[in-house]
Amino acid sequence: MDSHLSDAVPTKYMNALSEIKSRFKRVLDQMVDDSSSLLEMIRPAQDSKFGDYQANCAMPMKGMLGEPPRKIAEQIVAKLEIDDLCHSVEIAGPGFINLKLDDSWLKQRLTEALPDPRLGVPLVDTPGTYVIDFSSPNVAKPMHVGHIRSTLIGDGLSKTLRFVGHRVITDNHLGDWGTQFGMIIYGYKHLVNPQAYAEKPVQELGRLYKQVRQIIDFHAASQQRPTLLERIAKQRAELEELDSGEPVDDKKKRKEIGRRKAKIAEQQEQANELEAKMATVQSDTDLLKLAEQHTDIATEVLTETAKLHAGDQENLALWNEFLPYCREDIRRIYDRLGIEFDHELGESFYHDQLEGVVESLAEKGLSRESEGATCVFMEQYDTPMIIRKKDGAFLYATTDLATIQHRATTWQPSAMLYVVDHRQHQHFEKLFDAAKLWGYDDVEMTHVSFGTVLGDDGKPFKTRSGDTVGLEGLLDEAVHRAGQLATELNPEGNAAELQEVAQVVGIGGLKYADLSQNRSSDYKFSYDKMLALKGNTATYLQYSFARVQGILRKGNIDIEAMRNDPVAFCFENDVERELGVSLIRFGETLDEVLIDYKLNLLANYLFELAQTFSGFFENCPVLKNEDEDLKQSRLQLCDLTARTIQTGLSLLGIDVVEKM
RNA sequence: GCCCCGGUAGCUCAGCUGGAUAGAGCAACUGACUUCUAAUCAGUAGGUCGCAGGUUCGAAUCCUGCCCGGGGUGCCA
């Protein structure tokens with residue numbers, strides 16, 4: 001995993017943007033005290049007609065220097081030593097400085113990238129150690145679409161951080177110590193089918209989990225539904241008193257009415273859900289019979305869980321027996337997604353450290369008793385972080401603190417990233433602040449949050465009885481759709497190859513649909529969108545790659561020879577230069593990605609690169625070119641494009657195929 | 001009540017540490033396969049960037065207020 005570190009070489013490659021910035025820095029440092037914010041105003045040009053890069057720093061300097069921005073821009077340009085890098089430096093509009101890369105400089109970068117497996121992307125100057133916590137499913141429960149974001153974003157960030165030269169430790173903080181084990185232990189003791197368990201333990205445990213869940217939900221729903229309906233009726237009556245149906249002038253009152261209506265609708269929705277859960281059981285006579293036999297199942301499950309936590313021999317033995325099966329179950333999905341973890345230290349790993357965590361915080365005077373619970377109060381929050389319940393049990397905050405302690409002492413990371421959905425934001429704020437007070441104050445702790453997965457209706461995706469979209473089914477469907485299209489487009493294709501294409505395109509499309517979106521936005525789940533195979537999709541990028549491979553194949557090109565003995569790059573057509581500029585931006589894109597851990601910037605970059613390539617593909621014949629040097633130059637551009645796409649996609653965890 | 005996030009084209013979303021005429025994909029419409037892969041390309045159409053103020057050379061982007069939606073908010077994770 002650390003191979004990029006072991007063969008690290010001194011940075012010989014240049015990143016256009018940082019090189020331009022360093023040239024500007026020399027000038028700006030003579031003019032102002034602090035140039036850092038001004039340097040950030042140098043960025044890729046918004047429109048290619050302005051050049052390749054633009055510096056917007058002259059305008060804000062008006063306030064500092066009291067001169068017209070255009071004049072300041074002129075002074076900057078006069079002092080700028082950048083001729084070798086940019087052949088055209090122009091001032092435009094109110095004081096924009098537009099920069100166009102010098103072609104020979106650009107060609108030099110491309111020539112360096114060609115034989116380089118890293119495509120000219122420099123390694124970071126100061127490698128850090130990142131512990132990344134992601135995926136973290138509860139074992140023994142089926143994985144569903146809600147788990148996909150953390151898994152994909154975490155994996156993508158790990159790969160990207162590693163690629164630029166950081167040391168990365170991935171840790172899957174499994175939920176392997178919770179109530180779900182009480183459920184399968186109870187299920188195993190009362191409802192198991194021994195033969196099925198002997199033959200297919202993973203499947204049987206899954207069945208037991210589901211069945212126990214259904215029965216618990218059934219009883220809970222039967223109990224809650226009448227009171228809920230009663231409450232709704234009462235609220236309806238109150239609403240009628242308030243809202244006569246006449247138009248209401250009073251704004252506050254109108255708002256109140258709206259609020260109550262929404263609340264009633266929400267509760268009605270809940271009631272419907274409860275009814276659905278009841279119906280699931282009632283429509284199945286065997287299940288209904290079981291439900292009637294196990295009326296105390298909810299408390300029994302809690303008892304089994306408590307016994308497990310207390311070290312009960314029998315339950316602990318069962319837990320030890322079940323856990324490997326549960327891991328195997330989720331492993332199957334990770335295998336299909338091509339995801340591996342360095343560590344899988346679940347909640348159970350920490351349970352015997354929790355007492356010590358609470359003691360340590362108490363010793364340092366950071367916690368105190370309040371209403372029977374042990375709490376960490378911090379002045380910036382009006383509610384405490386509770387680390388021990390009044391009944392003595394620990395909470396996830398306690399486990400998370402133990403985890404920080406373990407990671408910090410074991411790996412001495414420079415950063416710990418938590419790829420967890422945004423609803424836990426406050427929890428992480430408190431957790432990080434508490435950890436800092438506790439002494440872990442020299443490590444970056446970041447909650448890499450992401451939006452909730454919403455259903456088709458735009459409402460938060462809920463794990464309801466039955467109608468969740470299981471992750472495994474989603475993967476199957478993705479591969480199936482890709483396979484259908486592949487077969488349609490290549491009716492004479494070889495079956496094994498088509499199957500390979502279906503896998504790569506189907507899974508890749510699913511991943512890209514998620515990763516190409518800004519992680520902080522809520523995610524509206526849609527089959528059609530996640531499984532789309534045209535437009536801005538992984539398929540488009542994979543297709544670009546395959547097109548290049550087609551050319552290389554048809555031209556019978558000796559690729560190694562071409563890479564190691566290149567001809568001078570030639571920009572005959574504008575789009576060739578455009579492609580070249582796009583290619584050398586791979587490295588700076590990765591820098592951008594890692595500033596805020598936003599992988600969608602990489603996806604966007606790759607899409608734009610592929611679009612530029614499509615333009616090149618249309619307008620620039622390669623093999624049928626008479627001019628041998630031009631042909632070679634174009635082959636070199638093709639090869640670089642394909643490898644950049646392949647490498648970029650690999651950082652997103654997406655594969656490519658030679659033919660599709 | 002308080003706190004956090006969001007509201008951009010018919011749909012799904014980029015763009016948000018202020019920058020030049022607001023972008024993409026899908027859907028719609030018009031064209032391009034005897035051509036290195038048409039899973040593609042070229043083009044057309046589509047927007048009071050929730051509303052109202054403010055800050056300034058310049059605001060989708062920053063500030064304030066409001067409207068709408070979602071989430072969180074002391075013993076779940």
Side-chain angles (χ1 to χ4, degrees), chain A residues 37 40-41 43 45-47 49-50 54 56 59-60 62-63 68-69 92-96 98 136 138 175 178-179 251 255 258 262 347 370-375 377 381-391 393-397 399-400 420-427 429 449 451-452 454 458-460 482 485-486 488-490 501 505 513 516-518 520-524 526 528-529 532-537 539-540 542-544 546-555 595-596 600-601 603-604 607-608 611 614-615 617-625 634-635 638 659-660:
Chain A
S37 65
E40 281 173 26
M41 293 178 189
R43 55 187 62 166
Q46 210 174 24
D47 189 319
K49 76 179 179 210
F50 298 135
Q54 63 181 59
N56 303 336
M59 283 86 83
K62 181 193 154 195
F96 295 102
N98 291 330
S136 311
N138 286 317
T179 321
K251 219 171 129 187
K255 200 171 156 181
E347 290 169 336
S370 169
E371 297 173 31
T374 309
C375 303
F377 285 89
Y381 304 107
D382 29 314
T383 54
M385 183 170 78
I386 299 175
I387 53 174
R388 179 166 222 170
K389 301 203 285 186
K390 65 181 165 198
D391 68 3
F394 303 104
L395 295 105
Y396 69 121
T399 310
D400 282 346
V420 180
D421 91 85
H422 72 8
R423 285 176 293 195
Q424 295 194 37
H425 187 69
Q426 274 116 324
H427 163 66
E429 280 189 327
S449 75
T452 316
L454 305 174
K459 288 181 187 159
L485 184 61
E488 216 171 278
L489 294 169
N490 308 282
V501 170
V505 170
S516 60
Q517 195 165 251
N518 184 329
S520 66
S521 316
D522 280 348
Y523 190 103
K524 191 175 276 190
S526 139
D528 288 337
K529 189 175 134 195
L533 298 169
K534 57 181 184 171
N536 184 356
T537 59
T539 313
Y540 182 79
Q542 291 164 327
Y543 186 62
S544 301
R547 278 175 145 182
V548 171
Q549 303 317 307
I551 293 175
L552 297 177
R553 210 164 37 236
K554 187 148 188 172
I595 289 172
D596 258 333
N600 64 310
L601 298 180
N604 292 350
F607 181 62
E608 279 165 23
Q611 274 186 319
S614 292
F617 186 86
E618 293 287 320
N619 295 302
C620 302
V622 179
L623 294 176
K624 57 185 77 165
N625 223 295
R634 287 183 173 172
L635 282 167
C638 282
K659 251 196 266 186
M660 62 189 276

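Because the structure is predicted, anything quoted here is derived from the model rather than measured. Every chain is numbered from 1 and lettered A, B, ... according to where its sequence line falls, protein lines coming before strand lines.
- Between Q611(A) and G25(B) there is a side-chain polar atom (N or O) within less than 4.0 angstrom of OP1 or OP2.
- OP1 or OP2 of C57(B) has at least one side-chain nitrogen or oxygen of K62(A) nearer than 4.0 Å.
- By the 4.5 Å heavy-atom criterion applied to side chains, Q611(A) and Y540(A) are counted as neighbours.
- Comparing G19(B), C36(B), U40(B) against the side chain of V622(A) picks out C36(B) as the nearest.
- Within the nucleic acid shown, A397(A) has no heavy atom closer than 4.0 Å to any nucleic acid atom.
- P69(A) comes within contact range of no nucleotide atom at all, as no heavy-atom separation falls under 4.0 Å.
- As judged by a 4.0 angstrom heavy-atom cut-off over every strand, K390(A) is placed among the base-contacting residues.
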Please list each protein N or O that sits under 3.5 Å from an N or O in nucleotides 27-32 of chain B, with the distance.
| from | atom 1 | to | atom 2 | distance (Å) |
| --- | --- | --- | --- | --- |
| A27(B) | OP1 | K534(A) | NZ | 3.1 |

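- Between the C1' atoms of G50(B) and A9(B), the separation comes to 15 Å (whole Å).
- Listed nucleotides U73(B), U40(B), A77(B) differ in distance to E347(A); the shortest reach to its side chain belongs to A77(B).
- Comparing Q424(A) and G93(A) along RNA chain B, the residue whose closest nucleotide (by nearest heavy atom) sits nearer the 5' end is G93(A).
- Between the N98(A) side chain and the Q54(A) main chain, no donor and acceptor come within less than 3.5 Å of each other.
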What does the 5'-to-3' dot-bracket notation of RNA chain B look like when only Watson-Crick and G-U wobble pairs under 3.5 Å count, and pairs to other strands show as |?
((((((((.[[[[.)...(...]]]].(((((.......))))).....[[[[[..)....]]]]])))))))....
So T383(A) and Q426(A), side-chain contact (heavy atoms from CB on, under 4.5 Å) or not? Walk me through it.
CA-CA 11 Å; T383(A) 54; Q426(A) 274 116 324; over 6 Å; no
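- You won't find any donor-acceptor pair under 3.5 Å spanning the side chain of Y543(A) and the base of A39(B), going by distance alone.
- The side chain of S614(A) sits closest to C41(B) out of U12(B), C41(B), G15(B).
- If you check G74(B), G72(B), G25(B) against the side chain of Q426(A), the one that comes closest is G72(B).
- Taking every side-chain heavy atom of P621(A) into account, C36(B) is the closest of A14(B), C36(B), A39(B).
- When each of A39(B), G19(B), U35(B) is scored by its nearest atom to the side-chain atoms of K624(A), the top-ranked nucleotide is U35(B).
- Closest-nucleotide positions on RNA chain B for L395(A) and D522(A) were compared, and the one nearer the 5' end corresponds to D522(A).
- Distances shorter than 4.0 Å separate some side-chain N or O of R547(A) from OP1 or OP2 on A38(B).
- The listed nucleotides are C3(B), G19(B), U37(B); the one nearest the side chain of A546(A) is U37(B).
- Under the 3.5 Å distance criterion, with hydrogens and angles disregarded, a donor-acceptor pair is assigned to the side chains of S520(A) and N518(A).
- Spacing between U17(B) and C63(B) at atom P, rounded to whole Å, works out to 11 Å.
- Looking at heavy-atom distances under 4.0 Å, A532(A) makes no contact with the nucleic acid at all.
- The side chain of Y540(A) places no N or O atom within less than 4.0 Å of a non-bridging phosphate oxygen (OP1 or OP2) of U37(B).
- Side-chain N/O atoms of S370(A) and base N/O atoms of G74(B) include a donor-acceptor pair closer than 3.5 Å.
- Considering only side-chain N and O atoms, K389(A) lies under 4.0 angstrom from the phosphate OP1 or OP2 of C76(B).
- Nearest nucleotide to the R423(A) side chain, out of G71(B), C57(B), C36(B): G71(B).
- Comparing atom distances between the E40(A) side chain and each of C75(B), A77(B), U17(B) picks out U17(B) as nearest.
- Residue F607(A) is in sugar-phosphate contact alone, with no base atom involved, counting any heavy-atom pair closer than 4.0 Å across all strands shown.
- No contact: D528(A) has no heavy atom under 4.0 Å from any strand.
- Within 4.0 Å (heavy atoms only), V501(A) reaches at least one base atom of the nucleic acid.
- C33(B) has its base syn relative to the sugar, with a glycosidic angle deviating from 0 by at most 90°.
- For R43(A) and U17(B), the shortest distance from a side-chain N or O to OP1 or OP2 is not below 4.0 Å.
- Of the C1' atoms belonging to U48(B) and C75(B), the separation is 50 Å, rounded to the nearest Å.
- When the nucleotides C13(B), U37(B), A39(B) are ranked by their closest atom to the side chain of R553(A), U37(B) comes out on top.
- Listed pair N625(A) / C36(B) fails the phosphate criterion, with no side-chain N or O lying under 4.0 Å from OP1 or OP2.
- Residue contacts for M660(A): at a heavy-atom cut-off of 4.0 Å it reaches a base atom on one of the strands shown.
- Heavy atoms of Q54(A) sit under 4.0 angstrom from at least one base atom.
- Using a 4.0 Å heavy-atom criterion, one finds that C375(A) contacts the bases of the nucleic acid, with or without backbone contacts as well.
- As judged by a 4.0 angstrom heavy-atom cut-off over every strand, E371(A) is placed among the base-contacting residues.
- Between the OG1 atom in T399(A) and the CD1 atom in I387(A) there is a gap of 11.0 Å [rounded to 0.5 Å].
- Here N518(A) does not reach the OP1 or OP2 of C13(B): none of its side-chain N or O atoms lies under 4.0 Å away.
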